[in-house]
Amino acid sequence: MKSVHPIKSVMPNLSEYDALYSGFEWNEERIHLDGLPSGKGLNIAHEAVDRHAESDLKNTIALRFINTERSTVDFSYSELRKQTSKFANVLEKIGIGKGETVFTLLGRVPELYVSGLGALKYRAVFCPLFSVFGPEPIFQRLSRGDARVLVTNTAFFEKKIKSQLERLPSLRYILLTDSQEHLADNVLSFSKAMEEASTDWVIGPTDPEDPALLHFTSGTTGMPKGALHVHQAVLTHYSTGKYVLDFHKGDIFWCTADPGWVTGTSYGIIAPLVNGVTSIIDEEEFDAMRWYSILEEQKVNVWYTAPTAIRRLMRMDICPKEAYQLDKLRLILSVGEPLHAEAVIWGEKNFGFPILDNWWQTETGGIMIANYRSMKVKPGSMGKPLPGVEAAIAEIKDNELTLLTNPGDQGHLVLKKGFPSLFRGYLHDAERFQKCFVGDWYITGDLAKMDEDGYFWFIGRADDIIKTSGHMVGPFEVESTLMRHPSIAEAAVIGKPEPSIGELVKAFVVLKSGTEAGEEMRRNIMGYARKEMGPAVAPKEIEFVESIPKTRSGKILRRLLKARELGLPEGDTSTLE
Ligand code: ATP
Ligand code: MG
């Protein structure tokens, strides 16, 4: 039965939003990003699923799941609509309120995606948790996120949730994906509840400003923050999918990120669906050989991954173009950490096209600065701001913001408020949220510079910047140079307090396998670093280590290296790999 939608989709009528994307010079299409006409509804799940289920895309594969054993399960747009409608009905039946939070704690299995999109249809808030978290970080997030419903499996429930239930009085229902029977009044079988639910659901009027998604940050610089996003963020997902990920009809897209990180939701769920393409979802964790074979087997056109994955491929020493049939692959993009210039060039050599870096954060909800396919790529640069996104470099002193306009000026990377996917708050932390803004500008916490062509270059996180002998040194710059040394596989750099010069630059270095650590190697690296960077910036101390501590999303945890170095408490390590 065809259901009626009281809300109107804005996506097919992007010309109505012509004021939002002014200055979109590299594509014929011009769309804009703010000022949704009032009174119109906008619901992410409608744009992502229902709209297509009523179009000629209805039989197109929306999601293709590949499980650990390599078998696949497909959901067409039409099937996805039915399943997500069922889940919305389940939420209604158990009496969940609009705006209440539905969490998932699952691997990358269909139930996660169905629950997430179903919750959005219902107008609940969706928050996916990364399944390898232990009980305490899970408790922290469920509790801070006011969880009402949790969809998980029996093993996670037994191991990670059961002992926490008393501390979570507002968690009303647990739905178990692998239980055939309801176990208690509040511990239900997902499949049984779904079986009984109708496939019809009419999405109620959703305001563009209604809360939709809750995402915890990666915890790279401290305790993870819960960033809240609203339904109109979908405009950013749509436009960045179209212009940065370059989605075209019939495309097969694969995002390797887990929905537990914002990339895995914004681009692993929403953006490809909103653009009507087919998304591959692999259940397995990081495995470089498997990546190549999935890219080949699934004929992936566009691949979105992270620098840590690309570095792993680079270390493998195979030329993918020769070893695999990757003729369908036309675009690889990277996010999460700076992508070293060498990786961009390596991509060009080994795939036939450069790997495109782009920058954004949990708080921005979607890509903000990017290298586009249709523009000249400057290796090592994050690219240019999206149309409708105003990015600038600023100096901030005593809560006063001054824009720095000379090319090459280094300062805080700031974004003008007003784009749809900007977070609307840190949950239960209004003060911290307030501190992110000066006037109309959102302070990202990153430092950057802009060159004469308007390209942005990442310097570092404001918290990681090293002040040495009157210089400001970005760890990324030093790490990039170190990684060009033929014996170095990975490097992480911190500032270590040193009274005479403020901080000294200390490098932690992982050598390539088969390379011997020792005094000679240390001197060799020191000599190389001084020659390349000059004595003011080159590391004064080098320590050889087996591995670099990283977050599960692949980011170097410099604060942890620093705390260990100084013998201080390690702080929150819930996202440590
Ligand atoms: P927390 O805010 O909890 O410390 P986090 O900032 O790592 O963690 P995320 O929102 O997942 O959490 O990551 C966004 C950050 O990742 C950016 O602010 C930036 O520092 C870094 N980042 C993302 N993409 C890029 C990129 N292309 N180049 C350089 N840095 C990037
Ligand atoms: Mg951050």
Side-chain angles (χ1 to χ4, degrees), residues 130 137 140-141 144 213-227 229 240 244 257-268 304-310 332-341 343-344 355-371 377-386 391 412-415 421-423 426-427 429 432-433 435-436 442-449 455-465 474-477 479-480 549-560 571-577:
F130 192 33
Q140 287 294 338
R141 287 165 178 77
R144 277 193 287 148
L213 299 160
L214 175 66
H215 265 294
F216 289 90
T217 60
S218 297
T220 313
T221 52
M223 195 68 180
K225 298 147 273 185
H229 293 275
T240 50
V244 184
D258 189 273
W261 311 117
V262 70
T263 308
T265 297
S266 293
Y267 296 98
Y304 198 14
T305 188
T308 168
I310 291 161
I332 301 181
L333 304 107
S334 159
V335 72
E337 268 207 304
L339 186 66
H340 303 260
V344 180
I355 296 171
L356 301 184
D357 189 16
N358 53 81
W359 176 95
W360 58 291
Q361 321 174 293
T362 308
E363 290 85 344
T364 69
I367 301 170
M368 293 285 116
I369 298 178
N371 287 284
V377 174
K378 292 196 186 187
S381 154
M382 307 190 283
K384 290 183 175 188
L386 263 281
H412 285 270
L413 175 59
V414 296
L415 302 169
S421 64
L422 182 65
F423 71 133
Y426 286 131
L427 213 64
D429 204 345
R432 194 154 186 187
F433 179 65
K435 278 197 191 136
C436 295
Y442 163 61
I443 321 297
T444 65
D446 286 344
L447 303 183
K449 62 186 175 190
Y455 285 67
F456 282 74
W457 298 76
F458 183 78
I459 294 173
R461 291 157 181 278
D463 289 5
D464 286 342
I465 288 300
F476 166 59
E477 190 188 346
E479 289 157 8
S480 297
K550 293 205 187 102
T551 64
R552 292 190 176 275
S553 45
K555 296 162 193 277
I556 298 175
L557 276 164
R558 297 184 189 83
R559 70 172 162 92
L560 191 60
D572 180 81
T573 51
S574 62
T575 59
L576 178 66
E577 188 172 47

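Counting convention: from 1, in listed order, for ligands and their atoms alike.
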Which residues satisfy the side chain to side chain contact (heavy atoms under 4.5 Å, CB included) test with N371, sequence neighbours excluded? L356, D357, M375, V377, Y455
Option nearest atom 6 (O) of ligand 1 (shortest heavy-atom distance, choices H215, E363, E337, R461): R461
Ligand 1 atoms in contact with K225 (distance to a heavy atom under 4.0 Å): 1 (P), 2 (O), 3 (O)
Are Q361 and Y442 side-chain neighbours, meaning at least one heavy-atom pair lies under 4.5 Å? yes
For T444 and ligand 1, answer yes if some heavy atom of the residue is under 4.0 Å from a ligand atom, otherwise no. no
Test your reading of the model: is there a side-chain donor-acceptor pair from T575 to the backbone of S218, 3.5 Å cut-off? yes
Hey, does the side chain of K449 reach the backbone of I459 with a donor-acceptor pair shorter than 3.5 angstrom? no
Short version for F458: what comes under 4.0 Å of ligand 1, heavy atoms counted, is side chain
T240 side chain near W360 side chain, heavy-atom distance below 4.5 Å: no
Report yes if some heavy atom in the side chain of T444 is under 4.5 Å from a heavy atom in the side chain of M368; otherwise report no. no
So, do Y304 and I367 sit near enough that their side-chain heavy atoms are less than 4.5 Å apart? yes
Report the nearest protein non-hydrogen atom to atom 29 (C) of ligand 1: residue, atom name, distance rounded to 0.1 Å. P338 N, 3.2 Å
Option nearest atom 21 (C) of ligand 1 (shortest heavy-atom distance, choices S218, G336, S334): G336
Closest to atom 10 (O) of ligand 1 among I556, V262, T362 (heavy-atom distance): T362
Measure the shortest side-chain to side-chain distance between P224 and S574 over non-hydrogen atoms and say whether it is less than 4.5 angstrom. yes
Any donor-acceptor pair under 3.5 Å linking the side chain of E337 with the backbone of I556? yes
Considering only heavy atoms of D357, which atoms of ligand 1 have at least one such atom less than 4.0 Å away? 26 (C), 27 (N)
At under 4.0 Å between heavy atoms, is it the side chain or the backbone of N358 that contacts ligand 1, or both, or neither? backbone
Is W360 near ligand 1, meaning one of its heavy atoms is under 4.0 Å from it? yes
Taking 4.0 Å as the limit for heavy-atom contacts, which would you say applies to D446 with ligand 1: side chain only, backbone only, both, or neither? side chain
Closest to atom 4 (O) of ligand 1 among protein heavy atoms sits T221 OG1, 2.4 Å
Residues which pass side chain to side chain contact (heavy atoms under 4.5 Å, CB included) with D463, listed by chain and number, not counting sequence neighbours: T221
Among all protein heavy atoms in this structure, tell me which lies nearest to atom 5 (P) of ligand 1, with the distance rounded to 0.1 Å. T220 OG1, 3.4 Å
Decide whether an N or O pair under 3.5 Å exists between G219 and ligand 1. yes
Need the ligand 1 atom indices (1-based, order shown) with element for anything under 4.0 Å from a heavy-atom of V335. 24 (N)
Given R559, K555, Q361, identify the one with the heavy atom nearest to atom 13 (O) of ligand 1. K555
